[in-house]
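All values derive from a computational prediction rather than experimental measurement. Every chain is numbered from 1, with letters handed out A, B, ... down the list of sequences.
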Protein chains: 2
Amino acid sequence: MARSARKQQILQAALACFTEQGVEATTIEMIRDRSGASIGSLYHHFGNRERIIGVLYLEGIGEYAARLEAGLIETLEPEACVKLFVSGYIDWVVANPDWARFILHNRGRVEAGEMGEQLREFNREHGRRIAGILRRHRDAGAFKPLPKECFVSVVIGPAQDMARNWLAGRSKTALAEYRDLLAQIAWDSVRQH
Amino acid sequence: MARSARKQQILQAALACFTEQGVEATTIEMIRDRSGASIGSLYHHFGNRERIIGVLYLEGIGEYAARLEAGLIETLEPEACVKLFVSGYIDWVVANPDWARFILHNRGRVEAGEMGEQLREFNREHGRRIAGILRRHRDAGAFKPLPKECFVSVVIGPAQDMARNWLAGRSKTALAEYRDLLAQIAWDSVRQH
DNA sequence: TGAAATTCTAGAAAAATATTCTAGTCTGAT
DNA sequence: ATCAGACTAGAATATTTTTCTAGAATTTCA
């Protein structure tokens, strides 16, 4: 089997523990207990605690990145492209709140850990593909002149901060209500006027 | 003495360890070693490992929030206010990169931990003060209609994402170079047109 | 001042947690 | 049926955090 069921059980149990207790506070024992796996099985699949975190993180951004790229490829208009960054992001967060919270809060941990290079490599590749998709709009003059490094931050930054607040329970209103507004703001920030 | 020198030594040692090894990987022993304190002293001042993290976090956002609020109070024009959010933020990050990295990466941990309520309380108060300062501009119609919950995210979101990238070493260009550009974008996003 | 109270420091001991290791069981291919 | 490799189990070990007892330094105030 490509990815043992047990391995997925462990990852799901881990995410549930992380959500309820926080990453810091969950012990291997809790994950073992909740997943029904044994210590041996756990270490067979992941090797150490940090790698459970790393795999969960990488699978999460992988899922999201694949979805975004797939959407972008079949979106022709620059406005729709930019708005898809935001609305797609918010849709994903709303559909996967626990995973999204985990990802928003653990980038630093994974970056600093033994899987950091793998994460950076993934981000480089993803960034390259995104840049490729956007190039034709950029070349066609659809966007205002903006350093390449700033583009994605400007587009996605506000939505990300809103998502953080919403996931922390700080915002009462459903995040989805702001979806189109934030998409419009993003487009206004980068379009050629 | 209001805040024992030893306590500050421990916090500084902890931040240095966190920067070099990552929060996960630094042990109490490393902090003890680097600070020159004893285990007893460490636990006398903080009680447990998590509280070292919590105090460092709260001191950091406290420092930054105080600076921002002080600046805002003596800034009269709405445009200057909004731009100060961004430029003040970037200045602080550039001046305190280690502290900023630590704060950007550990909100979730502190929020989920035993000091979470303290953090939320701080954020509520800070948010209230900020809202108070901005009210007159809002009432004067300086900003475009925008849900209250979105305003700060829209203003600060892009700068925050850029800061994250810069601190992770992902961006070659100095963050400060984008300071005025990001401030202008923030202002364009919220001003009444 | 000087004695009592409090704060702080020390490091050994205990508790909690993560990881390794050995001995298996199960599954699928030949 | 049997062999190889993937997987599971849990006891043993190693690491790390936390507690505890004792004593040093500092502050308080009579």
Test item: V154(B) and L182(A) side chains (from C-beta on) under 4.5 Å apart, heavy atoms: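 V154(B) vs L182(A): side chains touch.
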Should the pair [X]-[Y] be classified as a salt bridge under the 4.0 Å nitrogen-to-oxygen rule?
X       : Y       : answer
E114(A) : R51(A)  : yes
R164(B) : E111(A) : no
R101(A) : D98(A)  : yes

Find the distance [X]:[atom1] to [N]:[atom2] and express it as a whole number of Å.
X      : N       : atom1 : atom2 : answer
L42(A) : dC21(C) : CG    : P     : 17 Å
D33(A) : dG10(D) : CG    : C1'   : 14 Å
H44(B) : dA22(D) : NE2   : P     : 19 Å
R6(B)  : dT7(C)  : CZ    : P     : 18 Å
R32(B) : dT16(D) : CZ    : P     : 13 Å
H45(A) : dA9(D)  : NE2   : C1'   : 12 Å

Would you tabulate the nitrogen or oxygen pairs shorter than 3.5 Å linking the protein to nucleotides 16-19 of chain C?
from    : atom 1 : to     : atom 2 : distance (Å)
dA18(C) : OP2    : I28(A) : N      : 2.7
dT19(C) : OP2    : Y43(A) : OH     : 2.9
dT19(C) : OP2    : R49(A) : N      : 3.0
dT19(C) : O5'    : Y43(A) : OH     : 3.4

Audit row: D188(B), Q184(B), side chain to side chain donor-acceptor pair (under 3.5 Å) steps and yes/no: CA-CA 6 Å; D188(B) 286 338; Q184(B) 183 64 44; 3.2 Å; yes
Residue pair E63(A) / W92(A), side-chain donor-acceptor N/O under 3.5 Å: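 Note: E63(A) and W92(A) side chains meet the donor-acceptor criterion.
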N/O (side chain, S38(A)) to phosphate O (OP1/OP2, dA9(D)) under 4.0 Å: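 Checking dA9(D) against S38(A), a side-chain N or O does come within under 4.0 Å of OP1 or OP2.
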